[in-house]
Structure formats: structure tokens, C-alpha cells
Amino acid sequence: MGLVFRSSPLLWTRLAALIFSCVAFSVALYGAQLTHGIGDWCIFCWSFSFAGTLLVVLVELCDLQARIPVSWKNFPITFACYASLLCLSASIIFPLYFLKGYSGRDEMINCRIVSTVFSCLATVAYLSEVSLSKARPGEVSGYMATAPGLLKVCETFVACVIFVFISEPISYDENAATKWCLAVYCICFILSAGIIVLCVAEWTGCLPFPFARFLSTYALLAVAMYLSATIIWPLYKFDDKHGGRSHRSNICSSMAGLCPWDKLLAIAVLTALNFILYLADLIYSARLVFVSV
């Protein structure tokens, strides 16, 4: 087994992402003095992205794609898309929790600034990798390299962020309406994640029904469910008549990061964002069915 070095923009982009993510978590561990919780999440984002990219680079350099038990047309771009979203979330959360309200230029602050900068650079590198890897018009590629596949990744990631906000503090058990919203997030996340697993593992042919029609049917169901959640969540969380709170608490201004009211607002925004993503997914999936027919 020898090394196969094929210089390409995609390879150099992956190496750049590898270096940037490595610097981000290395500097943060060295001198950023992070607290547990949010700090652990940011370290995970950078180290997970680094480890996955290293695996992809080694597999391609050793020409082992045929021996990997996953679809190599789908796995690298799926991972790159998740890595870009992870690094993006760390690039937003890290300065919000560890730079906001701090001043001076001691070693701790400098390390935090360096980690933030390299996290942003890693995000740009991973987005570039996705752009280079995505399917072009008329090109034969895996489902995850197409627009609907990439939308599935974004949908599941947004749902994961919603789960974080909705569970700390728990804000879904007040009434049946908000519990329905939680059910929407869970059902759509499970189905979208299942589709991604089927594509990466190349199990779509095992389904007892046409995969394309299943995608369009599911997308239609998800749009309807998320539309209801987009309306219900703000109604029961920000309307005083339904037990919500329309005004932001004064305590929020003095809290580090996001206060409970901010998290409720973030859930409402992310729910609307996922509704738009599923709507775009429905349009692409419907076109997929009509073209295949």
C-alpha cells in the first residue's frame, strides 16, 4: 500500500481545513482557560472536524476508498458539510461566551482571539470544500452531493441546535402545543438523519418503495409539520394571552451568553429557518420525481 498524491484544489482545501481546525482547538486547550459545557462543545467541534478530515485525507492518499464500507461519493461531502456547520457554530458561540465582556491583551484573551480567528478560517475552508465537491449540472454523483442532500445535513444540524436550546432550560412541557413542536423537531430529525444514513451506507436500494417518491412525500409532510411549529411556538412563547412573555427580561443584559428568553427566540428563528430549508427540499425533491418519471 503506497501513497497516492494527486494535487488538486480539493486536496489543498482539505489540508487548509485540517490545519485551521487543529490550530483552533490546540490554542484553546493551551491557554484559553475554558469552562466546561460551552467550552467542551467548541473543542469538540474543532477536534471532530480535524479528526474526520484527517481520516478523509489519509483514505484518499492511501487509495483505500474501495475498502471503506461507506459510499465515498456521499461520505466526504456529508462530513465536510457537518464540519462547516460545527465550526460555524463554534465561531459564533465561542466569542459570545469567552470574549464578550473581556478586555485586555493577556495570554488568555490572545489565545481566545486566535482560536476564534482560526475557527472562522476553518469554516471558510470547509464551505469551500463543500462548494468544490457538490454536484454540477449533468454530473453523476451521490445524493448527498446534490442540493437536497446538503439540505438534509442543514436540517438535522439546525434540529440539533434546537434540541440544545429547548432542553436547557426545559421549555417544551408547559402545554400540549409546545409538546407538539418538540414532536415535530424529533420526528423530522429522525427521518432526515435516517435518509442520510441510508445514502452514506448505500442502503437506499433496500427500501420496498421508490426512494425518490419517499423523499418528496416526506418533504411535503415535514413542510406541513414545520409550518405548524413555526406558528405555534411563537404564539405560545411570546403572546401574553397564551402564557408567553412578549418582552425580554432586564436580567438578560447582564448574563453571559444567551438567557432563557433569548433561547426561546432562537428556537423560533431556527424553526422558521428549518421550515424554509424543508420547503426548498420539497421543491428539489419534487423536481427529482418529475425528472425521473
Side-chain angles (χ1 to χ4, degrees), residues 74 77-78 81-82 84-86 88-89 127 130 134-135 137 141-167 171-200 203-204 207-239 242 244 263-293:
N74 289 305
I77 190 171
T78 302
C81 193
Y82 273 120
S84 65
L85 293 171
L86 287 170
L88 176 61
S89 69
L127 288 174
V130 172
K134 70 179 182 180
S141 61
Y143 174 78
M144 297 306 301
T146 64
L150 296 175
L151 285 171
K152 291 290 188 303
V153 174
C154 296
E155 291 159 5
T156 55
F157 184 82
V158 171
C160 288
V161 178
I162 291 176
F163 292 146
V164 172
F165 287 149
I166 205 172
S167 59
S171 55
Y172 56 82
D173 60 348
E174 297 176 357
N175 49 60
T178 52
K179 289 179 181 178
W180 162 251
C181 293
L182 178 64
V184 170
Y185 305 144
C186 292
I187 293 171
C188 293
F189 170 78
I190 292 172
L191 290 176
S192 292
I195 291 171
I196 293 173
V197 171
L198 288 173
C199 292
V200 172
W203 292 339
T204 55
L207 297 175
F209 41 77
F211 184 58
R213 292 194 179 277
F214 167 69
L215 291 175
S216 59
T217 303
Y218 162 60
L220 179 60
L221 175 65
V223 166
M225 294 176 70
Y226 258 95
L227 177 60
S228 67
T230 303
I231 297 172
I232 291 173
W233 185 266
L235 187 64
Y236 280 85
K237 289 300 179 181
F238 304 113
D239 188 352
H242 293 86
K263 292 181 179 180
L264 295 178
L265 180 61
I267 293 170
V269 173
L270 292 172
T271 301
L273 174 60
N274 241 5
F275 167 70
I276 296 173
L277 293 175
Y278 276 108
L279 184 61
D281 194 351
L282 173 63
I283 295 172
Y284 278 109
S285 298
R287 288 177 56 189
L288 182 63
V289 172
F290 292 140
V291 169
S292 62
V293 171

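Between Tyr82 and Thr156, the side chains place a donor N or O and an acceptor N or O closer than 3.5 Å (distance only, hydrogens not considered). Asn175 and Thr178 are linked by a side-chain donor-acceptor pair at a separation below 3.5 angstrom, with hydrogens and angles left out of the test. For the residue pair Thr78/Asn74, the side-chain donor-acceptor check at 3.5 Å is not satisfied.
In plain terms, the two heavy atoms of Leu282 and Ser216 that are nearest each other are CD1-O, 3.7 Å. Tyr284 and Leu151 make their closest contact through CD1-CD1, 4.0 Å (heavy atoms, listed as atom of the first residue, atom of the second, distance). Taking each heavy atom of Met144 and Ile77 in turn, the nearest pair found is O-CG2, 3.8 Å. A pairwise comparison of heavy atoms in Val153 and Cys81 identifies CG1-SG, 3.5 Å as the closest pair. In terms of heavy atoms, Val223 sits closest to Tyr278 at CG2-O, 3.4 Å.
Note that CG of Leu220 and CE of Met225 are 12.0 Å apart. Values are rounded to the nearest 0.5 Å. Between the CG atom in Leu264 and the OH atom in Tyr236 there is a gap of 15.5 Å [rounded to 0.5 Å]. Put simply, OG1 on Thr271 and CD1 on Ile231 are 12.0 Å apart, with the number rounded to the nearest 0.5 Å. Taken from CH2 in Trp233 to CD1 in Ile267, the straight-line distance is 4.0 Å, to the nearest 0.5 Å. Here the CG-SG distance, from Leu235 to Cys181, works out to 9.5 Å after rounding to the nearest 0.5 Å. One distance of note links SG of Cys188 with CG of Leu277; it measures 12.0 Å at 0.5 Å rounding.
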Inset, instruction - Dump the intermediate steps for side chain to side chain donor-acceptor pair (under 3.5 Å) on Tyr218 and Ser285, then the final yes or no. - result: CA-CA 9 Å; Tyr218 162 60; Ser285 298; over 6 Å; no
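Aromatic ring centres of Tyr185 and Tyr172 lie farther apart than the 6.0 Å criterion allows.
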